[in-house]
Amino acid sequence: MADTYKQSICLPKTDFPMKASLARREPEFIKFWEEEKIYERLLEQNKDKEPFVFHDGPPYANGGIHHGHVLNKVLKDLVVKYRSMKGNHVRYIPGWDCHGLPIELNAERELGKPKDTDDKLSIRKRCEQFAVKWSEHQMEELKRLGVFSLWDEAYRTIDKDYEQTIVEELAKIVDAGMIYRGRKPVYWCAGCRTALAEAEVEHHDHVSPSVYVKYSVIDREKIHDVLRIEDDGTPLSLMIWTTTPWTLPASLVIAVHPAYKYRAYRVGSERIVIAQEMAQTTFEECGVGSEPLGEAVEGRNLVDLRCNHPFIEREIPVMTADYVTLEAGTGCVHTAPGHGQEDYALCASVGIEPYAPVDENGRFESDVERWSGELVWDANPKIVQFLHDEGVLLNPVGQTLKHQYPACWRCKQPIVFRATPQWFISMDRSGLREKALAEIDKTRWIPPWGHDRIHGMVEGRPDWCISRQRLWGVPLPFFFCDSCGESLVDGDVIRHIARVIGEHGSDEWFRRDAADLLPEGTVCKCGGKSFTKEENIVDVWFESGVSWAAVAQKREGLSVPVDLYLEGSDQHRGWFHTSLLTAAATRGHAPYKTVLTHGFICNEKGEILSKSQKNFVPPQKTIEAQGAEILRLWVGYEDYRSDIVYSPTIIKSLVDSYRKIRNTFKFMLGNLNDFDPAKDSVSLEEMPQIDLWMLARFNKYLKRLDKAYDEYNFHHIFHGTIELATVELSSFYLDIIKDRLYCEQADGSLRRSAQTVLHTMVGGMARVLAPVLSFTAEDVWKSLPGDKEDSVFLAGFADVEPRWEDDALLDRWSTIREVRREVTKVLEVMRKAGDIGNALQAQVVVRASGSTLELLRDMGSELLTEVLLVSAARVEEGADEVQVEAQPSKDPKCPRCWRLGNGVGTDAKHPDLCTRCAAVVKDLIAAGKLELEG
RNA sequence: GGGCCUGUAGCUCAGCUGGUUAGAGCGCACGCCUGAUAAGCGUGAGGUCGGCAGUUCAAAUCUGCCCAGGCCCA
């Protein structure tokens, strides 16, 4: 008999698979989106709507994608899909950064150092192949993530039109008067006669001479006064320490720390000033006795004091610098702006030009008469001996120090730091810094501290050096007159070059000579007609920094300033920064309205994830094993603002959560298999209270998700959804409506009402989750009954429904759920005692008072029974606190709905059924839908 | 060394402008169900809110210092 009744109930049935088989099925969805042109149709659908301009920052086309790319691109995809589904026109054009050192070094490793133009062009060709290969590779990997993007319209910084824009923007900056030629120290390998990038420098053990050198003080009266010592007529000097005597001819300043204490010491027949803390070690090292004099005073008091260069007719001023340390030396630092980065920055701040009398072969220039033409390394010991002979060296000749010294990675020779001519964009000559800072204030930074970060960087940065002594990039379109040597930097000439490059690509610069590149009849101010072209290329950061001009300004449907830039927080120094400078310089405003940054990926220990780590699992492995959907969920799971963790533990947890969400969908879909929304939907007026509650609660969920997307709080999506699925749906609403879904008349309004709610929620959840769980949402959408759009993405974001809103109802039900919690606790005690198993075996009396009592009475015992999932529930007046009394029901069990009592035995025809089930069964028999045996 | 950021249960997150016994989900433990079943339900145990001082009647929440980690510089 029980089997017969089983046939009379409506159990869930669906094709929607429990097993997602994501790794296998995801490519099918991607194919579906491509073939059905879903993103294109979405764009078409929104083409007259308000645009949301998003501009993609170009990743470097070098190797496959890692977790950082996944995070970045999925975040972008969330924004693009959400905005699109909300009805904005969002054209997401992806890009790749293709020029630059890593690719060039790779090609150089294969082909060797270039010797002539043909070599250069071969290397550039190889670089191009490499960049194209990897950008295409990355594109395929990104497609696999389910990202919506206009792949066919991708931009690359090596595209001819892009290169043309780079040069054109440069012309605008030249027009604005911001470009100048100056000098800046760079790593220089004398053996290879070339500038080196940081990445080409290795550090090796090296033995250097160690010299303590005296700079006699010019302002004797002043220093006696400051240090509170008597002028006894004996020599008085500041003393520096260095391991590069060859930089002494270029010594222009002595730096002291503003806060350290400095003091004079008597050494033999002279007096020497150094940092007090370094006195003991210094004099020991020099092998001399010393006696402190006067008082120790802070370095800041020595500022502007003038000294004599130890062997050149030159005044050396004292300056303060925070980088002076007490780890080694004397606390007085010999400063040669032509031979050191810090030295350069310090001197630049007060307008002292770098001076580096060393040529490209590492030999002294004629300025340095005594050692002119000598290799600096050969000159070193001679300089030391000379210092000694001149009486300005305190320590013995021949002392050395073994330390790490930079060397060329190619020839392994020690390198020099050498000021060379470079091109700069001035931060202050035409007010660029000021403008940029003002624009930073106008921009919205997410998170807000981004403002302070980039503001500080722009405020303190030096002029932008845009020249690089490399090959793989866009040439700096400048020339030099062969007659007078002056540079030719002219906006119109540059625009002419831009057209050439736009037509033929930047290789053309290397193929042609100056005469073929310049407009006909170009003449120098001096009358010269013959020119040489600049050999340097432009900094790649300038290239990516004009992407707003090359892409956002030129492509259809985009415009500048764009609505959003979205990258990792390292880009405050990188792309956000350079893009701001180029736009502020040429347009007077920032290229963006909002800038969002995310953190980096780390492991469980909080360390940055790297491929060299033992337990490193590449994203591709996760895609193959668990599916890209899990990675998408991961992005929506964690708060991207700080660094986020990627670990097997988290992936496992996500797989579990994913299953919960998927299974909830499956259950809801299973109960909709006979539901046609067009025919069967029930209006709000006809719905039972709990269904109205569910819609009100669902409305809150929609509101929360909409807000989460809108405010870029993406992780709230996951938490809101998992909470809805578990707390509200699985363990409450769905559990309670099972009786109605299974046992009520299939076509009755009680069942149809619940189905109406389910249908609403499945469709709504699929639509609001589609930006994150794109594959699953589409999968659900396919199984959703009724007329609908071809894709969930074309259905739009699920809007909040004002008619569902009912806060009073939500309040009431939150009380009901508190009561329910009390009941389940009591039932658990009975279960532990072995009195009941299923809650349906119990009957319950709830005692309450005041508003709670009123509320429960208002509900009625029937609804209360239903909600508590027991066989019978009764309300009585009691104390303030809710009291629950429960006992096992002794009534007979209805074999159809499994509840106890409820009129079992009262129906003559079906004596074993409860009143409700008997009625349902009778109707079914009458309708010929059910036959009972016997 | 400097600028900016992060640090709440095993994991991921809530905790508004300082105010009752710091919340949720997952995981874990124990139990139930077998009409969501490679499912579902219930109960429970987990936290010196990175550490130390301070301000306050009152601090996870404000201030200072320290520790750990990160990005960017030097």
Side-chain angles (χ1 to χ4, degrees), chain A residues 2 5-7 9-14 16 18-19 257 321-325 327 341-342 345 447-457 459-462 568-574 577 597-608 633-634 636-639 641-645 647-657 659-660 662-671 713 715-716 718-727 729-732 734-735 738-739 741-743 820-821 823-834 836-841 869 896-898:
Chain A
Y5 290 130
K6 186 159 180 164
Q7 285 165 28
I9 63 173
C10 310
L11 292 177
K13 195 173 89 187
T14 178
F16 186 80
M18 176 57 226
K19 236 184 127 183
H257 194 281
D322 288 334
Y323 60 76
V324 172
T325 71
E327 276 161 28
Q341 191 64 251
E342 286 176 330
W449 50 257
H451 171 274
D452 295 351
R453 187 167 152 92
I454 193 168
H455 195 277
M457 287 171 174
E459 204 167 31
R461 67 157 296 151
S569 62
D570 54 336
Q571 300 304 332
H572 284 120
R573 186 74 197 186
H577 190 117
T597 52
H598 59 252
F600 286 72
I601 319 296
C602 56
N603 64 20
E604 277 157 317
K605 289 180 203 147
E607 303 156 337
I608 287 298
L633 193 57
W634 166 66
Y637 174 62
E638 306 204 46
D639 187 349
R641 293 174 189 81
S642 50
D643 293 343
I644 72 175
V645 179
S647 70
T649 317
I650 285 174
I651 292 302
K652 189 186 172 300
S653 161
L654 285 168
V655 169
D656 286 346
S657 299
R659 274 220 295 274
K660 179 75 196 181
R662 185 173 183 92
N663 201 45
T664 304
F665 271 126
K666 187 196 172 205
F667 177 74
M668 294 197 283
L669 286 168
N671 285 103
N713 287 320
H715 62 292
H716 292 176
F718 174 90
H719 291 279
T721 299
I722 201 76
E723 192 184 310
L724 181 82
T726 57
V727 181
L729 294 177
S730 198
S731 74
F732 189 67
L734 299 182
D735 218 15
K738 276 177 199 165
D739 179 71
L741 291 168
Y742 297 171
C743 302
R820 191 175 188 257
R821 245 185 307 279
V823 172
T824 51
K825 268 184 209 165
V826 172
L827 294 181
E828 185 62 19
V829 174
M830 293 171 71
R831 230 189 313 266
K832 284 264 149 69
I836 58 164
N838 193 317
L840 283 174
Q841 290 163 7
L869 291 170
R896 187 167 177 275
C897 72
W898 295 352

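Worth knowing before you read on, the calculation uses all heavy atoms, side chains too, and leaves out hydrogens, waters and symmetry mates. Throughout, a chain's letter reflects where its sequence line sits, starting with A, and its residues are numbered from 1.
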Tell which nucleotide pairs with [N], taking only Watson-Crick or G-U wobble pairs whose two distances are both under 3.5 angstrom.
N: B:U43; value: B:A29
N: B:G35; value: none
N: B:G1; value: B:C73
N: B:U56; value: none
N: B:U20; value: none
N: B:U48; value: none
N: B:A68; value: B:U6
N: B:A14; value: none

Sugar-phosphate, base or nothing in reach of [X], heavy atoms under 4.0 Å:
X: A:Val829; value: nothing
X: A:Arg896; value: base
X: A:Ser730; value: base
X: A:Met457; value: sugar-phosphate
X: A:Cys743; value: base
X: A:Thr649; value: nothing

Legend entry - A:Gly837 backbone acceptor or donor facing A:Arg831 side chain under 3.5 Å: yes

Inset, instruction - Examine distances only and state if a side-chain atom of A:Thr664 and a backbone atom of A:Lys660 form a donor-acceptor pair shorter than 3.5 Å. - result: yes

Inset, instruction - Check ring-ring contact (aromatic ring centres under 6.0 Å, His included) between A:Phe665 and all other residues, then give those that pass, not counting sequence neighbours. - result: none

Inset, instruction - List in chain and number order the residues that pass side-chain hydrogen bond (donor to acceptor under 3.5 Å, both in side chains) with A:His451, two or more places apart in sequence or in another chain; answer none if no residue qualifies. - result: A:Asp441

Measure all distances between protein nitrogen or oxygen atoms and nitrogen or oxygen atoms of nucleotides 26-32 of chain B, and list the pairs falling under 3.5 Å.
from  : atom 1 : to       : atom 2 : distance (Å)
B:C32 : O2'    : A:Gly837 : O      : 3.0

Inset, instruction - Not counting sequence neighbours, which residues clear side chain to side chain contact (heavy atoms under 4.5 Å, CB included) with A:Gln571? List them please. - result: A:Trp541, A:Glu567, A:Trp575, A:Phe576

Legend entry - Set of side chain to side chain contact (heavy atoms under 4.5 Å, CB included) partners for A:Arg659, sequence neighbours left out: A:Met18, A:Val655, A:Asp656

Legend entry - A:Lys666 side chain near B:A36 phosphate (N/O to OP1/OP2, under 4.0 Å): no

Inset, instruction - Output yes when at least one side-chain N/O atom of A:Arg659 is less than 4.0 Å from OP1 or OP2 of B:A39, else no. - result: yes

Legend entry - Under 3.5 Å donor-acceptor pair, A:Arg453 side-chain atoms to B:C71 base atoms: yes

Legend entry - C1' atoms of B:C72 and B:G54, separation to the nearest Å: 32 Å

Inset, instruction - Report the glycosidic orientation of B:G46: syn if within 90° of 0, anti in every other case. - result: syn

Legend entry - cation_pi(A:Arg896, A:Tyr742) dist<6.0 Å, angle<=45: no

What protein N or O atoms touch nucleotides 13-17 of chain B N or O atoms at under 3.5 angstrom, if any, and at what distances?
from  : atom 1 : to       : atom 2 : distance (Å)
B:C13 : OP1    : A:Asp639 : N      : 2.6
B:C13 : O3'    : A:His715 : NE2    : 3.0
B:A14 : OP1    : A:His715 : NE2    : 2.6

Inset, instruction - Indicate yes or no: at least one non-hydrogen side-chain atom of A:Leu729 is less than 4.5 angstrom from one of A:Phe667. - result: no

